[in-house]
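Have a look at the structure below before the remarks.
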Protein chains: 2
Amino acid sequence: MGDGQDLKTRFGGPAESPGLLLWRTTMRWQRVMTAALAPLDLTHVQFVLLASAMWLGRNGEPPNQVQLAAQAGTEVKMTSDVVARLEAKGLIAREADPRDSRAKVIRITPAGAASAQQAIVAVEAADAAFFEPVDEAQLVGMLRQLAGEIR
Amino acid sequence: MGDGQDLKTRFGGPAESPGLLLWRTTMRWQRVMTAALAPLDLTHVQFVLLASAMWLGRNGEPPNQVQLAAQAGTEVKMTSDVVARLEAKGLIAREADPRDSRAKVIRITPAGAASAQQAIVAVEAADAAFFEPVDEAQLVGMLRQLAGEIR
DNA sequence: CACAGATAATCTGTGTGCAGATCAAATCAT
DNA sequence: ATGATTTGATCTGCACACAGATTATCTGTG
């Protein structure tokens, strides 16, 4: 029977909405990442910013916070906050930019690099397991269409 | 062309990781939903709980907070907090359950029902536009495999 | 009946996510 | 070069997301 829909909508039932599915999938993925990174005392966003900073430092000049945020796809304010936490943990260091006294240049410490290396292994393993049920390339193709520009 | 990778990983570059794409896609979707619901003074989670409560109330007995959380796929604590906000806005009402004095039965007010109806229209339009670039059925099929059970 | 264990709701505390505002330094236009 | 505008970083404040603890209540077993 028509499952009692007196609304001109499918909302609420088995939650067919792609948006709700997307949201729940991401929350589950976040929980998986949180669990994978917990032994390293890193959150997912902390990991993304740490690894992004490491990548930028290796493939060019060490970035300031705005450049790091652009690379990682995070809010500038978030980046400021999270980078401060990473600094407090001794994983990155912030120095004044000699070219722009407003900016702070971000460098990975040896401890940060070691932590990032372990985290990358853990995250990629968790990622592979999470997406194992589906065709990853196909999903990536669709998400690329939806993710939009970095900001 | 090997773009200078001395790590045994692809992390950081153009962000090929399905996890990161999933994360960014969901954040962008959240911004779209926030914008669509802003005129109605509702956040996305508030909308989900309001609409879920309405659906449950129409298709059976009005739920308590645990049942609502299970339906909506939200944390019990979140549900408690957000439902309190919805109550403060006059969109739902909480009554003591005569059968279980621990529980609170949630009912939609007329204002809540009106608000939910408008919100559903706005959200479904925004959803359709957001997912227009891709094959929605195909994406839903993949997300179903990944979203996991409601909790 | 009594009591252990489960359940409903809430509280504390940490960590995002983001809008809006502030402030100082850099850059642009005249 | 001087005033207007941008830009980099930070702050306030609100709203999730979730782990862990608390309180009150319910249920099952003897």
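A, B, ... follow the sequence lines: proteins, then strands. Residue 1 opens every chain. What you see is a predicted model, and the numbers here were worked out from it, not measured in a lab.
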[X] side chain to [Y] backbone, donor-acceptor under 3.5 Å:
| X | Y | result |
| --- | --- | --- |
| A:Arg107 | A:Pro62 | no |
| A:Thr79 | A:Gln65 | no |
| A:Thr34 | A:Gln30 | yes |
| B:Ser115 | B:Ala111 | no |
| B:Arg24 | A:Ala72 | yes |

Taking the side chain of [X] as heavy atoms from C-beta outward, which of [options] is closest to it?
| X | options | value |
| --- | --- | --- |
| B:Lys104 | D:dA9, C:dA9, C:dA8 | C:dA9 |
| B:Arg31 | C:dA9, C:dA6, C:dC18 | C:dC18 |
| A:Glu75 | C:dA9, D:dA17, C:dC18 | C:dC18 |

Could you tell me which nucleotide pairs with C:dA9 by Watson-Crick or G-U wobble geometry, both distances under 3.5 Å, or answer none if nothing does?
D:dT22

Quick one: sort the B:Trp23 and A:Trp29 rings into parallel, tilted or perpendicular, breaks at 30° and 60°.
tilted

DNA chain C contacts made by residues 91-101 of chain A, counting heavy atoms under 4.0 Å
A:Asp100, A:Ser101

Pairwise N/O distances under 3.5 Å, protein to nucleotides 12-14 of chain C:
none

Would one find a side-chain N or O of A:Ser80 under 4.0 angstrom from OP1 or OP2 of D:dA9?
no

Check this one for me: any side-chain N or O of B:Gln65 less than 4.0 Å away from OP1 or OP2 of C:dT7?
no

Taking only residues two or more places apart in sequence or in another chain, which ones pass side-chain contact (heavy atoms from CB on, under 4.5 Å) with A:Gln118?
A:Leu40

Group every Ile, Leu, Val, Met, Phe, Trp and Tyr by side-chain heavy-atom contacts under 4.5 Å, then state whether [X] and [Y] land in the same group.
| X | Y | answer |
| --- | --- | --- |
| A:Leu49 | A:Met78 | yes |
| A:Val76 | A:Val45 | no |
| B:Leu56 | B:Val105 | no |

Between protein and nucleotides 2-5 of chain C, what N or O pairs are separated by less than 3.5 Å?
none

Value in whole Å for how far the [atom2] atom of [N] lies from [atom1] of [X]:
| X | N | atom1 | atom2 | value |
| --- | --- | --- | --- | --- |
| A:Trp29 | C:dT16 | CH2 | P | 13 Å |
| A:Gln67 | D:dT7 | CD | P | 14 Å |
| B:Arg24 | C:dT16 | CZ | C1' | 16 Å |
| B:Met27 | D:dA17 | CE | P | 13 Å |
| A:Asn64 | C:dA26 | CG | C1' | 13 Å |

Are any of the side-chain nitrogens in B:Asp81 or B:Lys77 under 4.0 Å away from the carboxylate oxygens of its partner?
yes

Shortest non-hydrogen separation from A:Leu22 to B:Phe131 and the atoms involved
CD2-CZ, 3.9 Å

Would you kindly check whether a donor in the side chain of B:Arg102 faces an acceptor in the base of C:dA8, or vice versa, at under 3.5 angstrom?
no

Qualifying residues under side-chain hydrogen bond (donor to acceptor under 3.5 Å, both in side chains), relative to B:Arg102, sequence neighbours excluded
B:Asp100

Between B:Asp127 and B:Met33, is any pair of side-chain heavy atoms under 4.5 Å apart?
yes

Collect all protein-nucleotide pairs involving nucleotides 14-16 of chain D in which both atoms are nitrogen or oxygen and the distance is under 3.5 Å.
unit_1 : atom_1 : unit_2  : atom_2 : d
D:dC16 : OP1    : B:Thr43 : OG1    : 2.6
D:dC16 : OP2    : B:Gln46 : NE2    : 3.0
D:dC16 : OP2    : B:Arg85 : NH1    : 2.4
D:dC16 : O5'    : B:Arg85 : NH1    : 3.4

